[in-house]
Amino acid sequence: MSQRFRTAAGGRIDRARPLGFSFDGRGMEGFAGDTLASALLANGVHLVGRSFKYHRPRGILAAGSEEPNALVEIDRGAGRRTPNLRATQVELHDGLVARSQNRWPSLAFDAGAVSDRLAPLLPTGFYYKTFLWPPRAWARLYEPLIRRAAGLGRAPDTADPDRYVQCYAHCDVLVIGAGPAGLAAARAAAGSGARVIVCDEGAEFGGSLLAEERARIGGVPAAEWLRDTLARLEAAPETVLLARTTAFGYYAQNMVGLIERVTDHLAAPDPALPRERLWQVRAREVIVAAGSIERPLVFPGNDRPGIMLAGAVQSYVVRYGVRPGRRAVVAAEGDSAYRAALALHAAGVEVAMVADLRDAAEGALPQMARDAGIPVRSGATIVGTAGRLRVRSVTIGFSGGRERVAADLLCMGGGWTPSLHLYSQARGRPRHDPTIGFVPRTPVPGLTCVGACRGVFGLAEMLADGAQAGAAAAMRAGFAASGESWAVEDAPSCECAPPRAPGPGSGRAFVDFQNDVTAKDLRLATREGFRSIEHVKRYTTTGMATDQGKTSNVNALGIVAQAVAAPVEAVGLTTFRPPYTPVSFGALAGVARGALFDPVRTTAIHGWAAAQGALFEDVGAWKRARCFPRAGEDMHVAVARECRTVRETVGLFDASTLGKIEVVGRDAAVFLERMYVNALANLAPGRCRYAVLLGESGFVRDDGIVGRLSADRFHVTTGTGNAALVLGLMEDYSQTEWPELQVWLTSVTEQWAVIAVQGPRAREAIAPLVEDVDLSRQALPHMSVRSCQVCGVAARLFAVSFTGEIGFEINVGADHGLAVWEQVWERVQGLGGAVYGTEAMHVLRAEKGYVIVGQETDGTVTIDDLGLGWAIGRKKQDFVGKRSLSRPDLAAAGRRQLVGLALDDASRLPEEGMQVTAAAQDRTAIGHVTSAYGSGTVGRAVVMALVADGRARMGEIVFVQMTAGAMAARVCDPVLVDPEGARLHG
Amino acid sequence: MLLIPCPFCGPRPEIEFVYGGEAHIARPADPSALDDAAWAAFLHTRSNPRGRHAERWRHLHGCARFFNVVRDTVTDRFAEHEAGG
Amino acid sequence: MTYSFLRLAAEALRGQTGWTPAWRDPEPKAEYDALVVGGGGHGLATAYYLAREHGITNVAVLEKGWIGSGNAGRNTTIIRSNYLLPGNEAFYEHSMKLWEGLEQDLNYNAMVSQRGVLNLVNSDAARDAAARRGNAMRLHGVDAELLDADGVRAMVPYLDFDNARFPIKGGLLQRRGGTARHDAVVWGFARAADRRGVDIVQNCEVTGIRVSNGRVMGVETTRGFIGAGKVGLAVAGNSSRLAGMAGMRLPIESHVLQAFVSEAIKPLIDCVITFGAGHFYISQSDKGGLVFGGDIDGYNSYAQRGGLPLVEDVMEAFMALLPLAGRLRVLRSWGGIMDMSMDGSPIIDRSPIEGLYLNTGWCYGGFKATPASGWCFAWTMAKDEAHPLNAAMRLDRFASGALIDEKGAGPYPNKH
Amino acid sequence: MDDRVRGALDGVAPIEAAGVTVSVTPRFDRAVLRGDAAAFGVGLPDQVGSVAERDAGAVLCLGPDEWLALAIPGGAVLRVAGAGAAVDVGHRQTALDITGRLAAALLNAGCPLDLHVTAFPPGSCTRTVCGKAEIVLWRRAAERFHVEVARSYAAYLWAFLAENARGLR
């Protein structure tokens with residue numbers, strides 16, 4: 001039974017290469033060059049899907065991306081199951097497995113079709129009018145039922161194993177669409193030497209030429225002209241040809257998004273190849289040759305399998321060598337449908353009648369049909385059709401009465417709608433032409449529409465239009481170009497049919513096939529006051545299916561215009577939005593998946609820490625060692641040990657992720673004085689200061705250490721996650737507010753590895769490694785900096801502490817970081833010290849009451865809230881954020897201030913983010929916990945909190961709202977270790 | 001992706017830039033001289049026009065300079081260059 | 001006409017011939033007691049509550065195009081009240097309570113679906129922030145559950161928990177959060193307001209605001225001058241322009257926010273999910289489409305069109321969350337114009353001009369607020385003073401410094 | 001080489017794919033020069049985006065008052081007389097050498113610039129992006145690019161290029 005509906009010969013399929021495939025488990029055969037749709041038709045299969053709302057049987061309507069019905073699932077196995085693909089675009093390959101969707105138990109018998117019987121109860125928008133009672137029943141009862149019924153295909157259930165890549169490209173002329181107009185344009189542009197990219201969504205270039213049987217171009221058959229043109233384009237050195245590539249979106253300034261389907265058409269693709277490639281093309285000139293889409297006719301029963309677009313039928317017969325039926329009726333509203341009739345006739349399909357809806361059918365094509373002996377009847381109307389899973393007969397009305405014609409194929413030629421999608425996305429505004437419909441009106445800089453998509457039909461006209469536009473575009477891009485011209489013969493012009501609204505017939509006449517929107521639904525919507533086309537669309541869902549109304553929008557518009565008695569142009573088109581056809585998430589995400597989703601930044605010491613079995617945490621984009629558990633230790637135990645070691649002996653810490661900015665120039669000190677709240681101008685070379693940076697709105701943005709290396713050179717640190725923000729802020733002020741200052745900022749975050757050595761024996765630990773610097777507390781007091789040699793390499797040595805112990809931060813070149821670290825580690829180990837991670841660092845600094853911007857602050861916290869007001873340079877006239885500090889609310893009483901909390905029960909540990917109330921039962925918070933850690937040193941939880949008027953509440957009892965109930969806590973000073981700083985300066 | 005005219009590097013893709021908001025909002029020489037309303041206006045009030053907008057961009061991943069341009073906020077088209085910060 | 005199943009049945013028998021317009025299409029009168037400019041969700045809700053709560057029915061809603069043509073019809077339909085700051089929390093919880101009775105109140109199925117809103121956390125810092133938020137919500141009697149990774153896994157097993165870059169460490173769940181059908185909210189409020197006598201005037205663009213010695217007199221429109229002693233502006237995407245007509249400048253910048261819907265697929269995602277490691281949120285509509293969005297494009301725009309870089313950011317977050325989505329396809333994308341206030345929180349307040357009221361600055365967050373925004377704005381217009389619920393949403397907070405910076409408290413990594 | 005020196009990509013094998021090879025360059029000195037060109041001992045190119053090659057090394061003009069000096073002995077460049085600043089960034093970055101017919105195509109997998117030889121000819125340089133990493137790009141020849149990337153982004157960029165080198169068009 002295989003391929004009973006193939007023509008004897010002809011078509012562009014390769015009859016020497018049969019391919020096996022299956023549909024719903026049934027094995028069939030097609031040929032190389034087939035689409036799934038053409039192969040199914042060749043096997044006599046029309047029923048391919050069920051509609052969304054009524055589950056009505058549906059067949060293949062079209063031959064391209066406008067197809068609303070033939071949506072299938074393609075299963076390549078192993079996570080490669082793709083739903084909602086159009087059978088008209090799926091290229092056949094050997095072993096292709098396809099399934100129909102949205103039906104149960106089977107395509108031929110679908111239980112969901114009961115909704116078709118209930119249709120009278122389900123008018124458009126019915127769901128807005130019911131399911132109201134009982135309250136809450138919607139989400140619990142009705143909605144789950146509706147959700148189960150809705151939806152089309154199934155999502156894959158495992159991760160997509162395929163690769164997707166992206167690339168940027170630039171060209172002088174981008175030609176979108178490789179039909180006659182596009183190819184003529186590309187030929188002209190490429191001939192000029194311009195950089196040209198030509199893309200077409202089809203597997204083969206040629207567009208309508210691929211289904212052209214008799215026309216001759218420049219004295220040769222169209223097919224030969226096509227071969228010659230492609231050969232020329234392939235030979236052009238600066239020209240790129242992209243088949244299977246859809247231009248899905250137009251973005252600002254001639255940036256066009258293309259999707260290239262690389263492997264879906266291959267039976268066994270090379271694993272190195274991506275499944276799809278996203279192109280982002282920036283083109284000097286864009287030529288849109290997107291063609292046009294044929295309109296279905298709107299009449300009762302117009303949705304049965306076997307009812308197809310005339311142009312599609314012609315394409316299946318001529319291009320694919322398929323006979324889509326045995327006995328056909330052609331319903332024509334314009335001459336072009338006659339081409340289908342002639343093609344069918346030539347292929348041996350009986351054409352029972354061409355029912356021309358016009359009063360007269362005079363053109364060349366009707367005459368050719370008559371000459372071929374095809375019965376042509378004008379003044380016809382299609383009254384209805386019969387047939388359940390396939391059309392059986394067509395009832396045609398004439399002035400004389402009606403006639404029932406047996407047919408298993410009905411071709412609809414409702415005229416052609418120019419494809420305005422990209423033009424409209426580019427903000428072109430169309431006008432309405434009474435004979436063609438909507439066509440481009442306003443010019444778009446750098447974009448030209450050619451051929452059918454601007455209403456130019458007829459082969460000769462399209463070629464001339466394209467050639468002229470291609471040459472013009474190349475010339476605008478700066479190349480010498482000239483358009484060729486070709487004599488065209490045997491391409492009978494076909495009078496174009498203006499879009500017409502159908503008369504109100506009885507029965508359901510479908511407009512949007514996929515969403516089951518009928519002419520009656522549209523009229524009902526207008527009666528209910530939805531008169532704007534956008535309202536009608538949203539209320540009836542017409543044009544909102546996966547085809548986005550490519551075949552239905554213009555018909556819907558006509559019906560609405562008629563119903564509200566307004567001219568079509570007044571009702572207007574709905575907005576065209578990207579993508580033109582659906583684009584896979586994979587392609588849009590590209591390689592940014594898994595580890596490449598976001599860069600992971602690591603320090604020079606990372607590998608060493610990993611080898612030591614460190615646990616890591618994400619801080620911004622950095623991986624930081626959180627703690628270094630020893631055998632048998634959990635994190636809790638390890639952190640306690642690390643803290644104890646730092647307090648008692650010495651600890652080693654990788655602080656390399658700190659942001660670092662080198663501030664250089666005559667006015668460096670003046671600049672920093674203006675940026676930070678502190679007095680820094682008077683900072684002596686060799687000294688450091690803890691400095692706080694505000695935003696102009698007065699809230700704390702960052703803090704860090706400002707070290708003065710020399711009169712005109714500073715080394716400034718920032719928080720790990722704040723480095724870019726702080727540098728950007730500083731650049732903004734230096735470039736735009738104070739350009740008169742002679743100061744230059746350089747990020748040196750990555751230049752220096754920072755090795756922190758902290759603890760009572762820190763000095764002893766590093767002493768032997770540091771050359772020519774007296775480390776004594778007199779010579780190098782806390783908050784000092786020296787340039788020197790450590791372990792024989794250039795270093796910046798800071799005497800600073802974030803633990804409350806004696807501390808040093810050794811900055812050495814990052815490439816030296818590991819070597820120096822290993823030598824310091826030897827010393828630290830020798831003294832019984834330990835390496836510690838960020839968790840211990842947090843505990844140690846909290847015990848000392850040091851804040852972390854981003855932990856204690858949240859963008860609404862002032863420097864006074866943190867109790868850091870002392871840092872503000874008293875005599876300073878101005879600094880960034882100063883003015884805001886005097887705003888009423890920032891100076892008001894009742895602000896949340898940083899305090900410590902001592903829980904009654906020393907064994908309890910609150911969570912960060914817990915709320916604090918004045919009384920156990922209060923429902924309004926007076927504050928919240930910002931930091932909380934267990935602390936062996938203090939012997940209870942170290943808790944920092946922001947509490948309203950906190951500093952005035954010292955000693956008061958407040959309540960931390962723990963998950964298990966309120967817990968009493970005494971407000972205390974956040975500094976719990978060495979308040980007088982004896983250890984620090986020891 | 002916008003194509004932004006950098007005065008030093010020429011037209012360059014948007015992802016090399018960071019947006020700097022409305023242009024010509026200079027920090028007052030002496031903020032302490034402003035009352036709260038005037039200071040708030042400097043901090044927060046913007047003209048936010050529908051159409052021509054004088055704005056700042058920084059070519060962060062290029063020459064790293066701040067500059068001003070005029071862009072139409074409806075069409076995204078850039079007009080002439082402006083000098084200074 | 002009251003909607004009900006019986007009405008549907010009756011119409012089924014008479015061939016759907018009995019349905020009447022959901023709202024009238026009146027000519028604007030010369031004078032109203034109050035005008036609401038902007039026929040979006042907020043404007044229509046304001047008119048509805050003016051009539052229902054305050055008996056002010058001589059009201060017109062003026063819409064320059066078709067109602068719901070702005071952000072009301074362009075959002076991702078999420079409703080939630082998982083807010084942290086005192087100035088916000090009570091307001092959004094009030095909104096949630098209004099959502100819960102809305103459909104019976106309006107006799108219109110807005111498909112309010114409390115399917116749960118789950119904010120994923122991908123770092124310890126994010127978990128701390130979520131904990132603070134959840135604790136604040138619970139303290140104020142708002143439902144919030146902190147889930148660990150296993151708790152999340154039990155809810156949404158198909159997510160990529162072991163994402164190479166940002167493993168899922170837990171989540172903050174508000175079960176009462178969910179979605180509503182955005183168009184239905186607009187149409188429901190419109191129909192209900194109309195039934196209480198409010199005139200909904202479409203294709204009527206305001207071209208000027210007439211002010212005389214510090215008092216608003218009415219508005220100039222493309223359909224002539226319309227007088228009123230009270231005029232409320234609820235015109236997201238046009239706030240600066242409209243305020244400018246009255247000589248005001250606002251702490252507002254307008255930005256484009258893109259949103260997306262996929263092809264319809266069988267039920268996959270049953271709740272609303274937000275991704276901590278990137279600005280990304282997703283839910284699945286009843287029709288089967290995955291509805292999702294991300295961050296603003298980041299520069300002033302009235303273009304209602306975004307760029308590809310942002311699209312890619314969104315899709316990358318999508319793939320990081322749902323690796324099985326690679327072969328699913330985005331069907332449609334669109335852009336809405338967000339009026340971004342400088343602290344990320346809205347303004348519902350009187351203006352310096354007597355009788356002129358402002359409802360603006362909703363940033364991305366307007367849809368969920370629709371009922372409470374209308375309710376509070378109606379109160380503010382009717383009584384010429386803020387209700388306690390919107391007392392903090394003042395215009396002068398930008399001068400006083402009493403900002404409502406919810407974002408400052410959002411997921412925020414350790415910074416040292 | 002000094003065994004105390006460890007680069008970010010030490011020991012990785014070159015990426016060898018059809019039409020393109022990516023390798024890590026040997027270590028060399030780097031300095032950022034800011035300010036007035038006259039303030040520096042070495043002559044500096046004055047066109048933003050241009051490169052002046054100096055025997056073994058080169059000076060890249062990245063901005064109106066910014067240069068990146070590559071492989072020029074520290075002493076020479078770090079000497080400043082006048083309105084300028086020199087900062088040693090020898091350890092801050094890692095350098096890759098990308099060569100081959102498809103070198104530009106590989107970079108365009110993540111770099112949005114027009115790298116056609118007529119648009120970005122040999123001797124051009126600029127700071128730009130590749131994927132999610134900032135890079136400095138210097139075209140040394142039609143089919144050879146020198147890429148500078150921040151140390152902590154080197155591993156990411158390497159993986160990004162390796163992934164995109166597969167099945168490159």
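Below, read A as the first sequence line, B as the second, and so on, with proteins coming before strands; counting in each chain starts at 1.
Panel note: side chain C:N135, backbone A:G913; a donor-acceptor pair is recorded below 3.5 Å. Without hydrogens or angle criteria, A:R527 side chain to C:Q16 main chain gives a donor-acceptor distance under 3.5 Å. Of the possible donor and acceptor atoms, one in the side chain of C:R165 sits under 3.5 Å from a partner among the backbone N and O of A:D598. In this structure a side-chain-to-backbone donor-acceptor pair under 3.5 Å is missing from C:E11 to A:P120. Side-chain atoms of A:Q961 do not come within 3.5 Å of backbone N or O of C:L139 as any donor-acceptor pair.
In this structure, chain A has a heavy atom under 4.5 Å from the backbone of C:A399, while its side chain stays farther away. Within the 4.5 angstrom heavy-atom criterion, no atom of C:R127 approaches chain A. For A:L278, the part lying near chain C is the side chain, with the backbone staying farther off; criterion is any non-hydrogen pair under 4.5 Å. Interface residue C:A9: backbone and side-chain heavy atoms are both found under 4.5 Å from chain A. Contacts between A:D521 and chain C at a heavy-atom distance below 4.5 Å are absent for every atom of the residue. Neither the backbone nor the side chain of C:T2 comes within contact range of chain A, judged by heavy atoms closer than 4.5 Å.
The shortest distance between side-chain heavy atoms of C:E263 and A:L71 does not fall below 4.5 Å. By the 4.5 Å heavy-atom criterion applied to side chains, C:L324 and A:T158 are not counted as neighbours.
Residues satisfying the side chain to side chain donor-acceptor pair (under 3.5 Å) test with C:R115, not counting sequence neighbours, are A:E143, C:S113, C:D270.
Less than 6.0 angstrom separates the ring centroid of A:F530 from the ring centroid of C:W187. C:F5 has its ring centre no less than 6.0 Å from the ring centre of A:W133. In summary, the aromatic rings of A:F585 and C:F292 are positioned with their centroids under 6.0 Å apart.
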Requested in this report: Test A:D889 against C:R397 for salt bridge (charged side-chain N to carboxylate O under 4.0 Å, His left out), laying out the working first.
Outcome: CA-CA 9 Å; A:D889 192 70; C:R397 70 178 185 268; over 6 Å; no
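Across every non-hydrogen atom of C:R329 and A:N84, the tightest pair is NH2-O, 2.8 Å.
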List the atom pairs, with distances to 0.1 Å, where a side-chain N or O of residues 305-316 of chain C and a protein N or O form a donor-acceptor pair under 3.5 Å, not counting sequence neighbours.
residue	atom	partner	partner atom	Å
C:R305	NH1	A:Q425	O	3.4
C:E312	OE2	A:Q280	NE2	2.4
C:E316	OE1	D:K132	NZ	2.6

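For the residue pair C:N107 / A:K129, no side-chain donor-acceptor distance below 3.5 Å is found, with atom types taken as modelled. A:Y128 and C:R181 share a donor-acceptor pair across their side chains, judged by distance under 3.5 Å alone.
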